[in-house]
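Worksheet: the structure to be examined is printed underneath.
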Amino acid sequence: MSLLDRPSWNLLEKTLDASTLRQKVIANNIANVDTPYFKRSDVAFEDLLQDQMSSTTPSVEGYRTDPRHFFIGKASTSVTPEIRTDESTAINNNMNNVDMDYEMSLMAKNQLRYNTMVQQMNSEFKKMRTVIGGDDNL
């Protein structure tokens, strides 16, 4: 069993991966702001994660130390971010649907989310380091 193979760390890792993918998609949208017939894309992750963690999910889940053990509670399935393209709208005469102000606001929001997740991950590492070393001044 790895010390880094914990559900909360895996969720943070997936969230950081989704944020990185979202940054690439937004940058692609901005790069194609003047490209005729270009349709903007977005990353769906939080909605998929919310569906996965909906109220139908049991609150108790067994911790497995071996992949051959039975699942207790809901079997953990991984949520992967999806890129979705908006084909139905157009805001320019060239049938492009990229709004620069909207994309820049999404980029700022994504950056804040990424920074928050990095801080959370650093906090988790600091806690682990304290547990292992017993020194909280690191």
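- No side-chain heavy atom of Gln119 sits less than 4.5 Å from a side-chain heavy atom of Ser123.
- Side-chain polar atoms of Asp86 and Thr89 form a donor-acceptor pair below 3.5 angstrom.
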Item to complete: May I have the step-by-step check of side-chain contact (heavy atoms from CB on, under 4.5 Å) for Asp34 and Val98, ending in yes or no?
Response: CA-CA 8 Å; Asp34 292 327; Val98 177; over 6 Å; no
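- Atom CG in Asn29 sits 8.0 Å away from atom CG in Asn97 (nearest 0.5 Å).
- No side-chain heavy atom of Lys14 sits less than 4.5 Å from a side-chain heavy atom of Val79.
- No continuous path of ILVMFWY side-chain contacts below 4.5 Å connects Leu112 to Leu16, so the two sit in separate hydrophobic clusters.
- With rounding to the nearest 0.5 Å, the separation of CE in Met100 from CD1 in Ile91 is 11.0 Å.
- Note: the hydrophobic cluster containing Phe125 does not contain Val131 (ILVMFWY, side chain heavy atoms under 4.5 Å, direct or indirect links).
- The minimum heavy-atom distance between Lys39 and Met95, with the atom names listed, is NZ-O, 2.8 Å.
- Separation of atoms CG (Asn28) and CZ (Phe38) is listed at 4.5 Å; rounding is to 0.5 Å.
- In this structure, Glu46 pairs ionically with Arg22, as a charged nitrogen and a carboxylate oxygen lie closer than 4.0 Å.
- Rounded to the nearest 0.5 Å, atoms OH (Tyr114) and OG1 (Thr15) are 12.0 Å apart.
- When side chains are defined from C-beta on, Ile83 counts as touching Val25, because their heavy atoms get closer than 4.5 Å.
- Shown here are the salt bridge (charged side-chain N to carboxylate O under 4.0 Å, His left out) partners of Lys24, two or more places apart in sequence or in another chain: there are none.
- If you take OH on Tyr37 and CG on Asn32, they are separated by 15.5 Å, rounding to the nearest 0.5 Å.
- Between Ala18 and Val43, the closest heavy-atom pair is O-CG1, 4.3 Å.
- In this structure, CD1 in Ile26 is found 9.5 Å from NZ in Lys109, a value given to the nearest 0.5 Å.
- Taking 4.5 Å as the limit, every side-chain heavy atom of Asn96 sits out of range of all side-chain heavy atoms of Pro36.
- In this structure, a donor-acceptor pair under 3.5 Å is present between the side chains of Gln111 and Asn115.
- Tracing side-chain contacts under 4.5 Å through hydrophobic residues (I, L, V, M, F, W, Y), one reaches Met104 starting from Leu106; they form part of the same cluster.
- In this structure Asn110 satisfies the side-chain hydrogen bond (donor to acceptor under 3.5 Å, both in side chains) test together with Ser19, Gln23, sequence neighbours excluded.
- Under the rule for a salt bridge (charged side-chain N to carboxylate O under 4.0 Å, His left out), the partners of Asp66 that lie at least two apart in sequence or sit in another chain are Arg68.
- Counting heavy atoms from C-beta outward, Asn122 and Val118 have side chains that approach closer than 4.5 Å.
- Counting all heavy atoms, side chain and backbone alike, Glu124 lies closest to Trp9 at OE1-NE1, 3.1 Å.
- For the pair Met107 and Ile30, the minimum side-chain heavy-atom distance is below 4.5 Å.
- At a threshold of 4.5 Å between non-hydrogen side-chain atoms, the residues Thr85 and Arg40 do not count as touching.
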